[in-house]
There are 2 protein chains.
Amino acid sequence: MIGLMTPVDFSEMECSVARTLETIGDRWTILILRDAFYGVRRFEDFRGDLGVASNILTDRLQKLVDREILEKRQYEERPPRYEYRLTEKGQELLPVILTMMKWGDRWANSGSTPPVTLTHTTCGHVTEPVVTCSQCGEELRRRDLRAHPITVRGGNPSGELARAETS
Amino acid sequence: MIGLMTPVDFSEMECSVARTLETIGDRWTILILRDAFYGVRRFEDFRGDLGVASNILTDRLQKLVDREILEKRQYEERPPRYEYRLTEKGQELLPVILTMMKWGDRWANSGSTPPVTLTHTTCGHVTEPVVTCSQCGEELRRRDLRAHPITVRGGNPSGELARAETS
DNA sequence: CACAATCAGTTGCATTTTGCAACTGACCGC
DNA sequence: GCGGTCAGTTGCAAAATGCAACTGATTGTG
């Protein structure tokens with residue numbers, strides 16, 4: 001088996017971010033998922049697009065299958081050919097990918113236009129993902145959020161999330 | 001210096017997700033950011049809360065400072081004490097953390113209630129982050145998104161993002 | 001003043017993970 | 001029967017990570 005116990009077990013942390021990282025907290029894994037969202041399904045296509053070593057790809061795909069993010073299915077018997085498709089659990093990682101994409105467009109793109117634009121077909125416009133409140137629909141800003149319960153050494157007991165430097 | 005060239009240079013990939021990962025694509029880094037959003041600012045508090053080795057923490061904080069996600073400032077002269085605070089660039093990673101948190105709540109939480117709930121003070125309700133279209137405000141669903149331009153081997157030329165298994 | 005404690009690290013070494021390149025093996029088309 | 005594709009496996013080297021111990025400035029306590 002491949003998945004040895006990680007030296008630090010993030011899954012034991014009482015935090016969903018840590019547990020998410022336990023599942024996808026790896027550069028190649030996230031890039032595999034990005035490709036999967038773009039429609040890539042086959043081993044050789046992942047390998048060719050990402051330039052990842054095939055042993056690493058084997059390992060990551062296997063872990064993603066174990067964690068039910070991807071489903072491996074044989075779509076051809078002779079010769080045996082497989083494809084890896086997103087499960088529902090995997091599909092729901094799309095917001096994570098979208099928010100990373102948006103951040104990278106703004107902050108890690110050396111001033112050029114975004115390499116990939118998204119069109120929202122239901123309204124017909126080029127769109128950007130905005131993270132909003134499920135209750136009122138307003139954009140979620142850190143200063144309007146309180147986290148409960150959270151007991152972090154040095155953390156803010158008011159639940160207020162940290163604000164940016166205004167030096 | 002600590003930050004050696006990574007063997008695979010994600011930043012050269014023509015993809016904002018890859019470039020975002022170049023900056024924060026590391027388990028500890030993301031957990032440091034989570035703590036930073038909760039208001040943690042000092043070395044020993046990060047170390048104590050995360051249980052991370054101090055050499056690793058030194059390395060990650062330094063990289064985050066180099067990349068202008070965190071700002072290091074001395075807040076006390078004698079004894080010298082420092083704090084690490086999110087810059088605006090760092091603040092804008094909040095959506096990534098929020099979407100990870102939401103996914104973890106749903107898919108990696110072994111059926112219990114979320115360990116941390118968020119309250120949206122402007123509307124007064126417990127909220128969940130929803131990723132919506134900047135143009136029409138509707139929730140972004142993969143089947144309503146088209147990506148352009150994208151040239152990935154094996155990718156879907158229609159731009160349609162992958163759909164889940166419906167086996 | 002001596003002594004323990006806090007904060008912010010550094011150093012050295014062992015373990016683990018990762019990358020790379022080469023190889024396997026089933027099949028297919030010509 | 002030869003080259004090409006697909007989906008990997010294997011072995012070895014390089015890099016990242018974890019761990020524990022140590023440094024050094026300072027501060028609070030008796």
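Predicted model only: the values in this text are computed from it and were never measured. Letters go in sequence order (proteins before strands), and every chain restarts at 1.
dG8(D) atom C1' lies 12 Å from atom CD of Q62(A), rounded to whole Å. Whole-Å rounding puts the D26(B) CG to dA15(D) C1' distance at 14 Å. The CZ atom of R27(A) sits 10 Å away from the P atom of dA16(D) (whole-angstrom rounding). In this entry the distance linking CG of L50(B) with P of dC19(D) reads 13 Å, nearest Å. If you measure from atom CZ of F46(B) to atom C1' of dC7(C), you get 14 Å, rounded to the nearest angstrom. dT24(C) atom P lies 17 Å from atom CG of N55(A), rounded to whole Å. Atom CZ in R73(A) sits roughly 15 Å away from atom P in dA7(D) (whole-Å rounding). The nearest whole Å value for the distance from the CD atom in E76(B) to the C1' atom in dG28(D) is 13 Å.
Across all non-hydrogen atoms, the minimal contact from D144(A) to T122(B) is CG-CG2, 3.4 Å.
In this model, the phosphate group of dC6(D) is not approached by any side-chain N or O of Y75(A) to a distance below 4.0 Å at OP1 or OP2. The shortest distance between the side-chain N/O atoms of R47(A) and the OP1/OP2 oxygens of dG8(D) is not below 4.0 Å. The side chain of R81(B) contributes no N or O atom lying less than 4.0 Å from OP1 or OP2 of dT6(C). Side-chain nitrogen and oxygen atoms of K72(B) include at least one within less than 4.0 Å of the OP1 or OP2 phosphate oxygen of dG9(C). Residue W28(A) has a polar side-chain atom (N or O) positioned under 4.0 Å from OP1 or OP2 of dG19(C). An OP1 or OP2 oxygen of dG9(C) is reached within less than 4.0 angstrom by a side-chain nitrogen or oxygen of Y84(B).
H125(A) and T127(A) are not linked by any side-chain donor-acceptor pair at a separation below 3.5 angstrom, with hydrogens and angles left out of the test.
Salt bridge status for D45(A) with R41(A): absent, with no side-chain N to carboxylate O gap under 4.0 Å. One finds no salt bridge joining E22(B) and R19(B) here, because no Lys/Arg side-chain nitrogen approaches an Asp/Glu carboxylate oxygen to under 4.0 Å. A salt bridge does not link E92(A) with K102(B): none of the charged nitrogens is closer than 4.0 Å to a carboxylate oxygen.
In the helix from dC1(C)-dG30(D) to dC30(C)-dG1(D), the rotation axis of the first five pairs and that of the last five pairs differ in direction by 10°, rounded to 10 degrees.
Residues passing the salt bridge (Lys or Arg N to Asp or Glu O under 4.0 Å) test with R81(A): none are found, sequence neighbours excluded.
Nearest nucleotide to the R42(A) side chain, out of dA8(C), dA7(D), dG8(D): dA7(D).
Position along DNA chain C of the nearest nucleotide to A53(A) versus P79(A) favours A53(A) as the more 5'-ward residue. With the nearest nucleotide of DNA chain C identified for both I56(A) and Y82(B), Y82(B) has the one nearer the 5' end.
Judged by atom type and distance alone, S54(A) reaches the base of dT9(D) through a side-chain donor-acceptor pair under 3.5 Å.
When side chains are defined from C-beta on, R106(A) does not count as touching K89(B), because their heavy atoms never get closer than 4.5 Å. The closest side-chain heavy-atom distance from S16(B) to P115(A) is below 4.5 Å.
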